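Below, read A as the first sequence line, B as the second, and so on, with proteins coming before strands; counting in each chain starts at 1. The model shown is predicted, which means the values in this text are computed figures rather than measured ones. Side chains included, hydrogens not; waters and symmetry mates left out as well; all remaining heavy atoms used.
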Amino acid sequence: MFTSGRELLRLCDRYNCLISDIVIMKEKQLTDKDERQIRERLAQSLEVMRASAKSAVENPMKTVGSMIEGDAKRMDEYTQKGDTLCGDIVNFAMTCALSCSEVNASMGRICAAPTAGSCGIVPAVLLTCEKRYSLDSKAINDALLTASGIGIIIATNATVAGAEGGCQAECGAAAAMAAGAAVQIMGGTPAQSLNAAAIALKNVMGLVCDPIAGLVESPCAKRNASGAVNAMISADMTMSGIVSAIPFDETVDAMYRVGRMLPMQLRETALGGVAAQPSAKIVEHRVFGTR
Amino acid sequence: MNDYSIFDIMGPIMIGPSSSHTAGAARLGNVARSIVGKPFRKVIFSLHGSFANTYKGHGTDKALVAGVLGMKPNDERLRNSLEEAQRQGIEVVFQQTDLGECHENTVKMDFFAQNGEMYSVTGSSIGGGNIVITDIDGYDVEINGMSPTIIVRQHDTKGVISAISTLLANNDINIAVMKLKRKKRGDEASTIIETDGEVSSDIIDALKKIENIVDVKYVSPSNM
C-alpha cells in the first residue's frame with residue numbers, strides 16, 4: 001500500500017483521512033486481523049509502555065552494569081521540587097523515558113518501539129501528550145498507529161538496528177515516530193506529522209551507537225530522555241509553521257547512507273565512541289572481570 | 001524488501017534488554033523445548049559468535065534457560081530462570097564454542113532426556129526477536145517458529161509423503177510449506193511441514209502410526 005512517506009501522504013489525501021487510518025488499512029490487508037483485534041493488541045502494547053514508564057520511578061531497579069540505577073526516581077524527585085529549567089512537561093517526558101530504559105536494563109518487561117534500546121521514547125512522548133491534552137484512549141491508539149506507520153517506512157527504506165545504522169537508527173527512528181504521533185495528537189496534518197519526523201531524524205543525524213561495556217544502559221538511557229525531548233520540540237517547531245528543508249523520505253535515505261558510512265566501531269560493538277574511553281573500560285572490567 | 005507489520009515496529013512486548021540477545025534467545029529455547037517434547041534433566045548450551053562474547057551482559061543465558069523451561073520472552077520470571085532450573089533439578093551448562101559458518105547469534109542446545117535419549121537443536125537469533133532453527137539432530141532444517149510446524153523423521157522410501165499429505169488433507173489441514181531432506185538415499189529422511197492451522201495431538205498420533213515413519217514432533221507457533 002505504501003512504502004514511502006510520499007505514498008502515505010498521497011493515500012491520506014485521496015481518502016481525506018489521518019495517517020493512522022491508512023496504517024490500519026495496510027495492517028488489515030497484510031494480516032488476517034480485523035480492526036478491533038489490531039487495536040486491542042496495540043492497547044496491550046500501550047499498557048506495557050505505561051507500566052514500564054512508571055515502575056522504575058516507584059522502585060529503582062538493579063541493572064547488570066549498575067550504571068543507571070535510580071535515575072528515573074532521581075529525575076522525578078527533582079521535577080517534583082518544581083524548580084527545573086525545562087519545566088514539568090519536558091521533565092516528565094524525560095522521567096518516563098528513563099524509567100522505560102531502566103526497566104529494560106534490569107530485565108523487566110518493555111515494549112520495543114522500534115527496539116528495546118529505544119523503548120522509552122514513544123511511551124514518554126505519548127504519555128506526556130496524554131497528560132498535557134487529556135486524551136481519550138482512541139486518540140492514543142491512533143497515535144500509536146501513526147508512530148508505527150512512520151517506523152514501518154524507516155525500517156523499509158533504511159534500518160532501525162543500531163548494529164546497522166548506529167543510534168540514529170534506533171533513538172532517531174523512535175523520535176521520528178513519536179514526533180509524527182505528537183503532531184497528529186496536536187491536530188496537525190499528515191504532511192506536518194512527516195515534517196516533524198524529518199526534523200527529529202535530522203536532529204540526531206549521524207548519532208553513533210557506543211554502549212559502555214556493550215550493555216544497553218549508558219549512554220542509551222539518557223539518549224532515550226533526549227530522544228523524547230527531541231520528538232516534542234520537533235512537533236512544536238512543526239506546529240509553529242517551520243518547514244523541514246529536506247522532506248521526510250530524503251531524510252530517511254540520508255540516515256541510511258550515513259549509517260552505511262559509520263565504521264563498525266560505532267555500530268553497537270562497544271569498540272568506539274564513549275565505549276572506548278578509559279572510564280568505560282573501568283566499567284567493563286568491573287562488570288565482566290578480565291575481558 | 002520486507003513487508004513490516006505494525007507489531008514488528010511496535011513490539012515485541014518482551015523482557016529486556018535486547019530483542020536479539022534476550023527475546024530471541026528465549027524463543028530459541030522455547031522452540032527447542034517443544035521440538036524435544038520430553039522431560040529432560042540437563043541441557044548444554046554451546047554459544048557461538050556474539051552470543052558467546054556478550055551473553056552475560058544481555059542475559060542471554062537466563063533467556064535460553066527460561067525458554068527451555070517453557071517461559072515466553074515476555075515472562076517476568078525470566079530473570080530468575082537459573083534459580084528456577086535449579087529448583088526443578090535441571091542442570092544447565094554454558095560453554096563458548098565455534099560452530100563454524102553460521103549466524104553471529106547461534107546456539108547449539110544438547111538435551112539429556114530423562115529416559116536417557118539425547119537431542120540436539122541448533123538455532124540463530126536473527127534480529128528483532130526473530131529466530132531460525134537450523135539443525136535438529138544433525139538434519140538441516142529451517143524453522144522460524146511462526147507457523148505450526150510438523151517435523152517427521154521417516155525411512156527414505158516410496159509412499160510416505162503421500163500418506164502424510166493424505167492424512168492431513170482428510171483432517172482438513174492445509175500444507176503451507178513442505179521440505180524434504182535426507183542424509184543419503186535409502187537412509188533416514190526428514191520432512192518439515194508448515195501448516196495453515198494448528199494441528200491437534202490426535203493427528204500427530206495418527207501420523208506416528210503411518211508405516212515407515214520413525215518419529216513425529218510438533219511445534220506450536222511461538223508468538224511473542
Side-chain angles (χ1 to χ4, degrees), chain A residues 3 23-24 26-27 30-31 38 41-42 44-49 52 63-65 100-101 103-117 119 122 144-145 147-157 160-161 163-164 173 177 211 213-217 220 269-270 287-288 291, chain B residues 1-26 49-63 65-66 71-82 96 103-105 125-130 146 196-197 223-224:
Chain A
T3 55
V23 173
I24 207 155
K26 178 181 158 82
E27 187 72 10
L30 183 71
T31 63
I38 295 167
R41 197 168 157 196
L42 268 178
Q44 286 171 11
S45 301
L46 180 68
E47 284 321 303
V48 173
M49 290 179 176
S52 61
T63 62
V64 176
C100 294
S101 294
V103 168
N104 184 53
S106 70
M107 299 194 77
R109 186 189 286 142
I110 55 95
C111 177
T115 60
C119 71
V122 170
L144 279 171
L145 285 166
S148 305
I150 291 168
I152 286 171
I153 295 171
I154 298 173
T156 306
N157 298 287
V160 296
E164 253 187 289
M177 290 159 61
L215 300 171
V216 193
E217 293 191 32
C220 319
T269 51
V287 178
F288 297 108
R291 199 169 87 167
Chain B
M1 195 183 286
N2 274 322
D3 225 348
Y4 289 97
S5 154
I6 291 171
F7 300 103
D8 297 326
I9 303 298
M10 215 55 88
I13 292 172
M14 52 168 270
I15 301 302
S18 162
S19 56
S20 56
H21 287 64
T22 321
S50 170
F51 262 14
N53 293 321
T54 66
Y55 75 97
K56 274 190 181 152
H58 289 125
T60 307
D61 48 353
K62 294 176 182 172
V65 171
M71 297 179 203
K72 300 284 183 200
N74 62 6
D75 192 324
E76 284 189 305
R77 296 173 302 161
L78 190 149
R79 70 169 82 134
N80 301 318
S81 67
L82 299 179
Q96 291 164 298
H103 191 280
E104 268 293 282
N105 299 328
S125 175
I126 56 174
N130 296 308
M146 301 298 268
D196 283 339
N223 297 322
M224 293 193 284

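- Taking the ring centroids of B/H21 and B/F51, they lie under the 6.0 Å cut-off.
- Under the 3.5 Å distance criterion, the side-chain polar atoms of A/R109 are left unmatched by any main-chain donor or acceptor of B/I15.
- Of the N and O atoms on the side chains of B/H103 and B/S125, not one donor lies less than 3.5 Å from an acceptor on the other residue.
- When heavy atoms are compared at a cutoff of 4.5 Å, A/V160 does not approach chain B at all.
- Heavy atoms closer than 4.5 Å to chain B are found nowhere in A/V103, neither backbone nor side chain.
- The contact between B/S5 and chain A is made by backbone and side chain atoms together, counting heavy-atom distances below 4.5 Å.
- Contact count against chain B (heavy-atom pairs under 4.5 Å) is highest for A/L42 among A/L42, A/I154, A/L145, A/T269.
- At least one donor-acceptor pair closer than 3.5 Å links the side chain of B/T22 to the backbone N or O of B/H58.
- In this structure, CG on B/N74 lies 10.5 Å from SG on A/C111, to the nearest 0.5 angstrom.
- Distance alone, capped at 3.5 Å, places no donor-acceptor pair between the B/D61 side chain and the B/K56 backbone.
- Ranked by non-hydrogen atom pairs under 4.5 Å with chain B, the options A/G149, A/A147, A/G65, A/S106 are led by A/S106.
- Both the backbone and the side chain of B/I6 come within contact range of chain A, each with at least one heavy atom under 4.5 Å from a heavy atom of that chain.
- Within the 4.5 angstrom heavy-atom criterion, atoms from both the backbone and the side chain of A/I152 approach chain B.
- Looking only at heavy-atom pairs under 4.5 Å with chain B, the residue among A/T63, A/T31, A/V287, A/L144 that has the most is A/L144.
- Of the atoms belonging to A/A161, not a single heavy atom falls under 4.5 Å from chain B.
- Although no hydrogens or angles enter the test, the distance criterion places no donor-acceptor pair under 3.5 Å between the side chain of B/D8 and the main chain of B/Y4.
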